[in-house]
Number of protein chains: 2
Amino acid sequence: MQAQASATAGTTEETMTVSTAGLQRKSDLLRRFARNAQFEAQTGIRREHLLKALGLIAREPAPVTRAVIARLTGLTSATASSLVAELIALGLVVETGRAESTGGKRATRLEIARDAYLVVVAVVRTRAIDTALVDLAGRTVASRRLDVAGGMEVATVVDAIRALTEGFEPQVLAACVQVPGVTAGGVVVESVQLGWRGVPLAGIVEEAIGAPASVVNDVDAEALTEAVDADDGAIRLVVHLGEGVGAAITNGGTLMSGATGRAGEIGHVRVIYEGERTRCRCGLSGCLESATSMSAMLGDAYTDELDDHDTSLLASTAEARERMGFGARALARALRISSALLDPEEIVIAGAAPALGPHFLGTLRDEYEMYPAKGTTPVPIRYGRPELSEYLGPARFALAPVLGDALPLTPAR
Amino acid sequence: MQAQASATAGTTEETMTVSTAGLQRKSDLLRRFARNAQFEAQTGIRREHLLKALGLIAREPAPVTRAVIARLTGLTSATASSLVAELIALGLVVETGRAESTGGKRATRLEIARDAYLVVVAVVRTRAIDTALVDLAGRTVASRRLDVAGGMEVATVVDAIRALTEGFEPQVLAACVQVPGVTAGGVVVESVQLGWRGVPLAGIVEEAIGAPASVVNDVDAEALTEAVDADDGAIRLVVHLGEGVGAAITNGGTLMSGATGRAGEIGHVRVIYEGERTRCRCGLSGCLESATSMSAMLGDAYTDELDDHDTSLLASTAEARERMGFGARALARALRISSALLDPEEIVIAGAAPALGPHFLGTLRDEYEMYPAKGTTPVPIRYGRPELSEYLGPARFALAPVLGDALPLTPAR
DNA sequence: CTACTTAGTTTAGCCAGTCAACAAAGTGAG
DNA sequence: CTCACTTTGTTGACTGGCTAAACTAAGTAG
């Protein structure tokens, strides 16, 4: 309510070109889906089928036609037609030319209407807010950064979102705010970084922009970004390395948040019991974070605001190299037990870690596979993909209540 | 095919009193549910609603009536009536008197038809097979033990099952065979203990008794037994201590089996890095199992065949006490990281561990809470409940494909 | 005895599927 | 070029499973 006077100074803008087709349809769509969601078990089959069809159109690598939808869903061609008709009426799908003949009539190709709708993403950091508009193909069509001096206020976040969405309101399908800290059910339970506690942020944003809003933790958001191409049911363990260490588990396209919403908080679990006891900032010693956080490995010069280039510079010193070996060993300990317990498809090391380069990853893999426990298969470990837009995860999280995980938001597929 | 000549000698029998009502209905039920399962998304709503109603009747502590079902499901009273009518026709539910008036007409109470149907459970051990018939209230109405000398044969298991079910065929709803080793999708992938590999056991049993059969791992079966009163969505970590160490994660009423079906195989993960390196039978050293298995703590005299009394005798020696402290410390290390990652509702120490008594559990809790990691809440740790029949987990696993997890099989509720 | 409350059934109608017939638009053989 | 055949997609009659609303049944309270 006060902070934005000084804040508006640091505003950076980007391109803004979005088709204005289907302006009036949004409210229809939302009303329809909202109603169906209520009835859930009863008439919700229609919704389920619509989303299934939508998902096929978005995900199938081969061109999708009404006939393909009928075959892959097991529904009648009549039903497939009716589903597609509704999706087209909703503005979510468009016909794009005709496919080659396969011995009969040429089919009509279907594609997601990429720019008919938008998702709002706001990433709240300690001293800045990044806002972005993402279209249904996952492309960032607009983004702004707002530097905030002296304490982050909820009102500043709302204003930033409102400023970016101005004029696009009818196209906005959903919103997601990413914050550091513990979140649950649209509420910021506690964010030490922001100094917030029990803020019902989703409700506030929902009120402000008139579209369903969600709130997600930064580590969880990153895990969702890395799970963009999730085959359903695949379990993925994503570890975030930054000033701290956190993790998240995705099961298919959804997060496992645990009984109290604190699943993945492994930073201050003790993994080092022998030799020099590493003192941690939390007061304990031997914590995973005290060995494996970027700050522990690269020194206090490291902050989460650094770019990849500066980070890799820090990582090139001899001292850093040695600390990285120690960090890798500590992380490997945590990963061995975690992967034996969960048996995940893969382990992703994300956050700022990719800037550490192949050496750290190699060391980590070596350490991880050093004790090949009988009965367990070593799980592939890879870095997070920095080429993925960080807005993808939050955007998918935002869409979940509206469209399930029908849209992967990945353009190249 | 050969072994049962000497085997039939050691047969022990128990009571056998089951109502023979509704003999002819079974095939109808199975056919109906099988058909619905095929159509799944399409006409499966009916099935879903039938199971939901069945679940309410089984689980709700207060007496359930048609009106209650209507209220709790959100369906119309008309639909609730029709669902109940069908459940009664199927023989799964019975009317039991009338409830008190709450200001109007007295309602008709509904209850599960406890003994109309039966589930067959077979527990295959290295030198014996336990078979049991469990009714829909979870009561064991018949059980036998067959001692097997010289190598366990698949045919012996089938014969044992057939021998117990003889005469009850029309009432048998489903079957489950519990085996030690790795299982997946009805196949015994590998069982070192039995010397089996790639045995399609579910199919074989299904053929033999004409009812859907499943195959489950012993640790998983135990975890399901401990999760009998699972609130939906609750995550539970169950650790089995026996000659080896294993774990299982239940999410609501279902198991998390991981990407390759090996989730929970934490026995040979290294947790001890300092001091005396504990040599493990697997060839590595510092494994969890080398410190925390019952054999490691109680000495080679321990076997999984021992009863609780003999086990606790072994545990009372001074040497065992000291080893138990060491084992508890090792297990605590594994539990700290596991619980931080999963944030489960509770941790259950099962297998033969309850025989170790309160001292071991107390030590374990103390060790576990010794490093209270910031941001994580200590998770309650308890022993498995020996009073629960070991057939409950397998019976629920058997029912899953037929009735979902509608029936908790717990009589006292 | 009457008004009101709660339980449960019956009847008509609707929604979202299926099935089957058909129109539309292509291919390839003669 | 024509005709038989294939594949795509639409249309209309039918069906299952729900809702809504009227009704019956059986109780309580004034």
Side-chain angles (χ1 to χ4, degrees), chain A residues 32-33 35-53 56-57 62-90 93 95-110, chain B residues 31-33 35-53 56-57 60 62-90 93 95-110:
Chain A
R32 163 154 211 114
F33 273 111
R35 207 196 56 197
N36 276 342
Q38 274 189 336
F39 283 68
E40 195 71 28
Q42 296 143 55
T43 327
I45 324 106
R46 180 72 178 180
R47 181 174 192 262
E48 210 168 276
H49 287 167
L50 284 169
L51 294 184
K52 199 163 184 180
L56 287 175
I57 296 172
V64 175
T65 68
R66 291 168 173 80
V68 168
I69 292 175
R71 275 196 296 272
L72 294 183
T73 55
L75 298 170
T76 338
S77 59
T79 309
S81 277
S82 125
L83 291 170
V84 169
E86 191 163 346
L87 289 173
I88 290 178
L90 290 169
V93 166
E95 298 187 334
T96 58
R98 330 207 49 165
E100 289 301 284
S101 166
T102 56
K105 179 177 170 179
R106 293 167 60 194
T108 314
R109 283 191 192 181
L110 301 170
Chain B
R31 226 171 285 137
R32 160 152 214 117
F33 273 112
R35 208 196 54 198
N36 276 342
Q38 273 190 337
F39 283 68
E40 195 70 27
Q42 296 142 54
T43 327
I45 323 104
R46 181 70 179 183
R47 182 174 192 261
E48 209 168 278
H49 287 167
L50 284 168
L51 294 183
K52 200 162 182 179
L56 286 175
I57 297 171
E60 278 301 303
V64 175
T65 67
R66 290 167 174 82
V68 168
I69 292 175
R71 275 196 297 271
L72 294 182
T73 56
L75 298 170
T76 339
S77 59
T79 309
S81 277
S82 125
L83 291 171
V84 169
E86 191 164 346
L87 289 173
I88 291 178
L90 289 169
V93 166
E95 298 187 334
T96 58
R98 330 207 49 164
E100 288 301 283
S101 166
T102 56
K105 178 178 171 180
R106 292 166 62 192
T108 315
R109 282 190 192 181
L110 301 170

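Here is how names work: the chains are called A, B, and so on, in the same order as the sequence lines, proteins then strands, and each is numbered from 1.
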J.: Need one value for A:Ser101: base, sugar-phosphate or nothing, where a base atom within 4.0 Å counts as base even if backbone is also close, heavy atoms only.
T.: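 If one applies the 4.0 Å heavy-atom cut-off, A:Ser101 turns out to touch the sugar-phosphate alone, with no base involved.
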
J.: Starting at atom CG of B:Leu83, determine the distance to atom P of C:dT9, rounded to an integer number of angstrom.
T.: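 Taking CG of B:Leu83 and P of C:dT9, I get 12 Å after rounding.
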
J.: In whole angstroms, how far is the P atom of C:dA7 from the CZ atom of B:Arg98?
T.: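 Distance, rounded to whole Å: 11 Å.
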
J.: Starting from P on C:dC15, measure out to CG on A:Leu75 and report it in whole angstrom.
T.: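 These atoms are roughly 19 Å apart.
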
J.: Can you tell me if A:Arg106 uses its side chain to pair, donor with acceptor, with the backbone of A:Glu100 under 3.5 Å?
T.: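 Such a contact is absent between A:Arg106 side chain and A:Glu100 backbone.
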
J.: Would you indicate what A:Ala80 reaches in the nucleic acid, counting non-hydrogen atoms under 4.0 angstrom: base, sugar-phosphate, or nothing?
T.: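 Nothing, no heavy atom under 4.0 Å.
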
J.: Between atom CZ in A:Arg106 and atom C1' in D:dT6, what is the gap in whole Å?
T.: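 Whole-Å distance recorded here is 15 Å.
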
J.: Just call it for A:Ser82: base, sugar-phosphate, or nothing, with non-hydrogen atoms closer than 4.0 Å on any strand.
T.: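 The residue A:Ser82 makes no contact with any strand.
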
J.: Could you check whether A:Glu95 pairs with A:Arg66 (Lys NZ or Arg NE/NH1/NH2 to Asp/Glu carboxylate O, under 4.0 Å)?
T.: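 Judged by the 4.0 Å cut-off on N to carboxylate O distance, A:Glu95 and A:Arg66 do form a salt bridge.
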
J.: B:Ala67 has a side chain; which of D:dA20, D:dT8, C:dG8 sits nearest to it?
T.: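 Given the options D:dA20, D:dT8, C:dG8, the side chain of B:Ala67 is closest to C:dG8.
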
J.: May I ask you to verify if any side-chain N or O of B:His49 is less than 4.0 angstrom from the OP1 or OP2 atom of D:dG17?
T.: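 Result: no.
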
J.: Taking all non-hydrogen atoms of both residues into account, name the closest pair between B:Ala70 and B:Ser77 and its distance.
T.: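 Shortest heavy-atom separation between B:Ala70 and B:Ser77 comes out as CB-CA, 3.8 Å.
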
J.: Between D:dA25 atom C1' and B:Lys105 atom NZ, what is the distance in whole Å?
T.: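 Atom-to-atom, B:Lys105 to D:dA25, this comes out as 4 Å.
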
J.: Which nucleotide in the list D:dT10, C:dG17, C:dG8 gets nearest to the side chain of A:Arg46?
T.: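 Nearest nucleotide to the side chain: C:dG17.
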
J.: Could you tell me if the side chain of B:Leu83 sits less than 4.5 Å from the side chain of B:Leu75, heavy atoms only?
T.: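 Counting from C-beta outward, B:Leu75 and B:Leu83 do come under 4.5 Å.
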
J.: For the side chain of B:Thr79, starting at C-beta, report the closest nucleotide among C:dT18, D:dC18, C:dT9.
T.: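 When the side chain of B:Thr79 is considered, D:dC18 is the closest of C:dT18, D:dC18, C:dT9.
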
J.: Write down the distance between CG (A:Leu51) and C1' (C:dA16), rounded to a whole number of angstrom.
T.: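 One finds 16 Å between C1' of C:dA16 and CG of A:Leu51, rounded.
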
J.: Between B:Val68 and B:Pro63, what is the shortest heavy-atom contact and its length?
T.: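 Heavy atoms only, the tightest pair is CG2-O, 4.1 Å.
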
J.: For A:Ala78 and for A:Gly104, locate the closest nucleotide of DNA chain C by heavy-atom distance; then report the residue assigned to the nucleotide nearer the 5' terminus.
T.: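 Result: A:Ala78.
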
J.: Send over the distance from A:Leu110 CG to D:dG9 P, rounded to a whole Å.
T.: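 Nearest whole value for this atom pair: 7 Å.
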
J.: Looking at every strand, decide which applies to B:Arg71 at a 4.0 Å heavy-atom threshold: base, sugar-phosphate, or nothing.
T.: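 Result for B:Arg71 = sugar-phosphate.
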
J.: Using atom CD of B:Glu95 as one end and atom P of C:dA7 as the other, report the distance to the nearest whole Å.
T.: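 Taking atom P of C:dA7 as the reference, CD of B:Glu95 is at 15 Å.
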
J.: Looking for any heavy atom pair under 4.0 Å, which part of the strands does A:Thr102 touch: base, sugar-phosphate only, or nothing?
T.: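 Contact class for A:Thr102: sugar-phosphate only.
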
J.: Using a cut-off of less than 4.0 Å, is there contact between a side-chain N or O of B:Thr108 and OP1 or OP2 of C:dA7?
T.: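 False: B:Thr108 side-chain N/O out of range (4.0 Å or more) of C:dA7 OP1/OP2.
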
J.: Determine the contact category for B:Ala70: base if any of its heavy atoms lies under 4.0 Å from a base atom, sugar-phosphate if only primed atoms, P, OP1 or OP2 are that close, otherwise nothing.
T.: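 The answer is nothing, as B:Ala70 stays clear of every strand by at least 4.0 Å.
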
J.: State, to 0.1 Å, how close A:Thr73 and A:Leu56 come at their nearest heavy-atom pair, and which atoms those are.
T.: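 In terms of heavy atoms, the two residues are closest at CG2-CD1, 3.7 Å.
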
J.: Please work out if A:Thr65 contacts a base, only the sugar-phosphate, or nothing of the nucleic acid, heavy-atom cut-off 4.0 Å.
T.: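 Result for A:Thr65 = sugar-phosphate.
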
